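A quick note: this is a predicted structure, and the numbers were derived from the prediction, not measured. Below, read A as the first sequence line, B as the second, and so on, with proteins coming before strands; counting in each chain starts at 1.
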Amino acid sequence: MYVCSSNSMTFSLYRVTWTLLHMLISALHFIECVWISVRKKLDLLHKKCTEDEYDFISRYVKLFDKVPSHLVVIVGNESISYRDLANVAVWCIAAGISFISFYDHHGNLKKNETELFRALSEVTKGHLDNIIWGKKTKTHGLIKRNGTKNGVISTQKLHVNIFSLSDGKGALVQLARSICQSAISGQIKSADINQDIIDTKLQAEMDIPDPELALICGDVCSTYGFLPWQIRVTEFLQLQSHHNIQVKDFLLLLMRYGKCAQRFGK
Amino acid sequence: MTFHCAVYFPKLVVLWIISILHLKISLPSLVEMSWIRDSTLSWIQLLCVKIIKNGRVPKHVAFIMDGNRRYAKKNNVQKVEGHSQGFEKLAETLQWCLDLGISEVTVYAFSIENFKRSQEEVDALMELSRQKFKQLLCEKDKLMEHGVCIRIIGNLSLLPQDIQKLIAQAMILTKDNNKTFLNVAFAYTAREEMAQAVQAVVSGVEDGALRVSDVTQKLLSSCMYTSTSPDPELLIRTSGEVRLSDYMLWQLYLLCGCPLARVQHLASPGRHH
């Protein structure tokens, strides 16, 4: 009996220690979050409207070794701030990034695409010529692609896409089903199926290059089920929050991406 | 600068406290070059393990054991020595997982992309794996004692015949063990895995064994190399890189990732879930 009670006492002592440590780490985490939001508010107060953000970004990115051609913003569990996402899109144009994808695994961003459209119109002051709505948006096909304005061809285009959970594994399942149909009708044999064929078919459907950089919003480092096939060599960087994201946060992330070295297995 | 220090300070405090308790890098001794070894934790570390076990511990952890060549370069040794010491650290990590009660571990040992390296390095890696698999078979008593089930996942047909044979022997030997699961991704890439799953499913439909409507996420998952394992809950990449590098892309679905391999990070799922 004595042995049993001493064992259970030791057991509860470890439990208590664990709980205390957990509380301590949670408290420190909370203080960290509060500190960051206070800092952000102070930054906003002191924000000086100096030079044009567009010029600032285009000059700054020239210093980086590389800039991604496809950037993804994974919203995670945060509530969506359309204005901030629109800002990021516009900064991408300035940075020379050609593709931007927004991923919300809940599917709310896809449902409220018009909100993003509205926010982009506001931020670009109606000059939406640089923005091409990709195949994964409802707006795709609704807007006539017009590359010229006043006879001048605008060079830097940004392809915008919105993804949700069903575009990941779901798309692969759909692809498998369509290949099955082709196999039944004799157009393809199962022995012919390989990585390249699947890649080509997915590319045709999505019309995007593989993402090179993904920004995960929030403090949980997770892909939230984003496009499993396409994220083979994507760099994942944590972004505390996309709410009130500033140009310098954006540039810092691009700088970190610019520094990383990829060996591709070799 | 101060902004970043302020953000990282609380994290640093935690890391410093536990780094003091962190396992020291042990030099491999010839006697210890085994897959399963006795616990090497000091009493403080054992205490930490006992405490951590009260929280939620992941059932399945995936590892990318990265950085062997950079380690070799930094320490002025041959690349193969870097890989060998990488294996030592892997075996140690497995022991920590056993101590923490993590029942399944999947390790990325060799990617199909790694075949693109120089013939010399690929041959050296194959020779190292040959030795390790032979050693595994020699340690079968220990494996059976600890109830370790070894599974090698990947496109094994790309490997030399004799290594395939050793792998098959190891898997057959331990197939009925069910206390701990060690999965080694060898000649593996996630895309190849997903492609072969699609191929298997299409083949099933071709043969009339399946209807098109039977093709679901669940069916595809059951055709993956990892079909008998639950999805990993945590991914740890030892080099600090923040990419997946074609590793378990289908399975790493709503998980937590950690770019450092330290004992305290294994406790972090308790924080987020």
- Among pairs that include at least one residue of residues 177-204 of chain A, which meet salt bridge (charged side-chain N to carboxylate O under 4.0 Å, His left out), considering only residues two or more places apart or in two chains?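 Applying salt bridge (charged side-chain N to carboxylate O under 4.0 Å, His left out) to every pair that reaches into residues 177-204 of chain A, excluding sequence neighbours, yields A:D199-B:R191.
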
- Is there a side-chain contact between A:I198 and B:M194, using heavy atoms and a 4.5 Å cut-off?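 Of all side-chain heavy-atom pairs linking B:M194 with A:I198, none is under 4.5 Å.
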
- Contact check, side chains of A:I231 and B:L249, non-hydrogen atoms, under 4.5 Å: yes

- Please name all residues satisfying side chain to side chain contact (heavy atoms under 4.5 Å, CB included) with A:Q181, sequence neighbours left out, ordered by chain then number.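 Checked A:Q181 against side chain to side chain contact (heavy atoms under 4.5 Å, CB included); matches are A:I184, B:V212.
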
- Task: Please name all residues satisfying side chain to side chain contact (heavy atoms under 4.5 Å, CB included) with B:P160, sequence neighbours left out, ordered by chain then number.
- Result: B:M126, B:R130, B:D162, B:I163

- Task: Check whether any side-chain N or O of A:E235 sits under 3.5 Å from a backbone N or O of B:R243 as a donor-acceptor pair, and report yes or no.
- Result: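 No; zero donor-acceptor contacts below 3.5 Å.
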
Is it the backbone or the side chain of [X] that comes under 4.5 Å from a heavy atom of chain A, or both, or neither?
X	answer
B:L244	both
B:E206	side chain
B:S213	backbone

- Item | Segment of A:L227 engaging chain B (4.5 angstrom heavy-atom cut-off) |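 Nothing of A:L227, per the 4.5 Å heavy-atom cut-off to chain B.
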
At what distance, to the nearest 0.5 angstrom, does [atom1] of [X] lie from [atom2] of [Y]?
X	Y	atom1	atom2	result
A:C221	B:L235	SG	CG	8.5 Å
A:I197	B:Q199	CD1	CD	9.5 Å
A:Q195	B:T189	CD	OG1	4.5 Å

- Task: Would you mind telling me which of A:L172, A:I216, A:N194, A:I188 has the largest number of heavy-atom pairs within less than 4.5 Å of chain B?
- Result: A:L172

- For atom OH of A:Y60, is the number of surrounding heavy atoms from other residues, nucleotides or ligands below 6.0 Å larger than 12?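 No, the 6.0 Å shell around OH holds no more than 12 heavy atoms from other groups.
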
Nearest non-hydrogen partners of [X] and [Y], listed with the distance:
X	Y	result
A:A176	B:V202	O-CG2, 4.3 Å
B:A195	A:I193	O-CG2, 4.2 Å
A:T17	B:I51	CG2-CD1, 3.5 Å

- If you check every heavy atom in residues 68-81 of chain A against those of chain B, which residues fall under 4.5 Å? none

